[in-house]
Asker: 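Dropping a structure here in structure tokens format, bear with me for questions.
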Amino acid sequence: MTPYQLANNTPLTLSPNFILPEEKRPNLSEVLPSDSIPIIDLNDHDIDYGQGPSPLVSKISQACEEYGFFQIINHGVPRELCQKALAVVTEFFQLPPEERAQYLTKDHSKQVKVFNYYQKYEGIGKVTMWSETFSHPWHPTEDFTHLLPTNPPQYREVFTEYAREIGALMDRLLSLMSQGLGLEKDCLKRKIGERPAIYTQANYYPPCPDPELTMGLPAHNDISALVVLLQMEGVSGLQVVIDGKWVPVEPVPDAFVVNIADQMQVLSNGRYKSVLHRAVTNNRLARLSLPMFYAPNNDTVIGPIEDLIDEVHPPMYRNYSYKEYMDEFYRQEGARRRVKEAFELQH
Ligand code: OGA
Ligand code: NI
């Protein structure tokens, strides 16, 4: 049961299956906007004068090393298209529950699915997160369009156009990040593979009667390689760890949030950080986020890129296939996952 299926008139108190054990609650009063992730203007100089990385490459690289998260502005994706993408996804979540129910599943192998995240705690059992998630692949669009909803009627068209823009933006980010690591421009893209597994995971967080007792998404690291997330303006909820503290990522108009995910941390041999983050709820407004994930496919072998290994920087991870990584991810379902740690090498 999803939170907002419970009632169109939101319940006044949380039913027990949404209530976290005390030590796992978000402690919202302790979250202060003390520091924030960098905001990077993609119109910044991106010219390599043959004297090392361009200012843009340096900024991005530094943000990936220090924060693992940043926001980008002047990224070239039209504002109207972003608004339309958020609107169709919102409409999808506002369809009658019966309509969304056709996608509801616990089967991970399903390509198009609606599900709820949960955590399992000893003595308590499952605690459901205050959110609903809709996930589906988006690249190559011609392979997937026919799987996407026909209701709302504009979903396929808007999403196809949005996917094309985000695909181009991700290529550009991968190139900038490769340069930031001192690699050939196309290196990261090549390593992640010719047929990447590219999917989205729209998250809908209804207003929550008591945000202190529950979580929208539990603290986690993203398992893919790269994430470009669009969040609606005016409602915050995403928080990241900076210097050991939770810090909100406030929505910036016309910006995307970009973050490094696990595979990029491994490929960069630990230089680029996949940082812990979570989503909290609020009691006033529904919130929507639309992250787009870029991941290797199951057969791709991932490990630290050879050029980034030397005597001072021995490999931090062993090589593995992405299938192995995903198996480990599912094995840790319900727990505070520590997936890449299972592939760490000890020196
Ligand atoms: C995610 C995620 C955060 C948000 O979907 O992996 O971290 O802002 N979402 O909803
Ligand atoms: Ni995430």
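The structure presented is a predicted model; accordingly, all values stated were derived computationally and were not measured. Both ligands and their constituent atoms are indexed starting at 1 by order of listing. Positions are given from 1, in the same order as the sequence printed here.
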Asker: Measure from NZ or CZ of Arg100 to the centre of the six-membered ring of Phe93 and say whether it is under 6.0 Å with the direction within 45° of the ring axis.
Answerer: no
Asker: Is it true that Glu333 and Lys106 have a side-chain N and a carboxylate O under 4.0 angstrom from each other?
Answerer: no
Asker: Taking His136 as the fixed residue, which of Phe159, Phe92, Phe115 is the one that meets the ring-ring contact (aromatic ring centres under 6.0 Å, His included) rule?
Answerer: Phe159
Asker: Examine distances only and state if a side-chain atom of Arg337 and a backbone atom of Phe329 form a donor-acceptor pair shorter than 3.5 Å.
Answerer: yes
Asker: Just do the side chain to side chain donor-acceptor pair (under 3.5 Å) check on Gln62 and Ser58 with the steps written out, would you?
Answerer: CA-CA 6 Å; Gln62 199 180 350; Ser58 300; over 6 Å; no
Asker: Indicate yes or no: does Lys189 engage Asp171 in a salt bridge with an N to O separation below 4.0 Å.
Answerer: yes
Asker: Is any side-chain N of the basic residue among Glu233 and Arg79 closer than 4.0 Å to the acidic one's carboxylate O?
Answerer: yes
Asker: Tell me the residues surrounding ligand 1, counting only those with a heavy atom closer than 4.0 angstrom, sorted by chain and number.
Answerer: Gln201, Asn203, Tyr205, Leu217, His220, Asp222, Leu229, Leu238, His277, Arg287, Ser289, Pro291, Phe293
Asker: If you measure only the distance, is there a donor-acceptor pair under 3.5 Å linking the side chains of Tyr155 and Glu91?
Answerer: no
Asker: What protein atoms of element N, O or S are positioned under 2.8 Å from the Ni ion (ligand 2)?
Answerer: His220 NE2, Asp222 OD1, His277 NE2
Asker: Indicate yes or no: does Lys323 engage Asp327 in a salt bridge with an N to O separation below 4.0 Å.
Answerer: yes
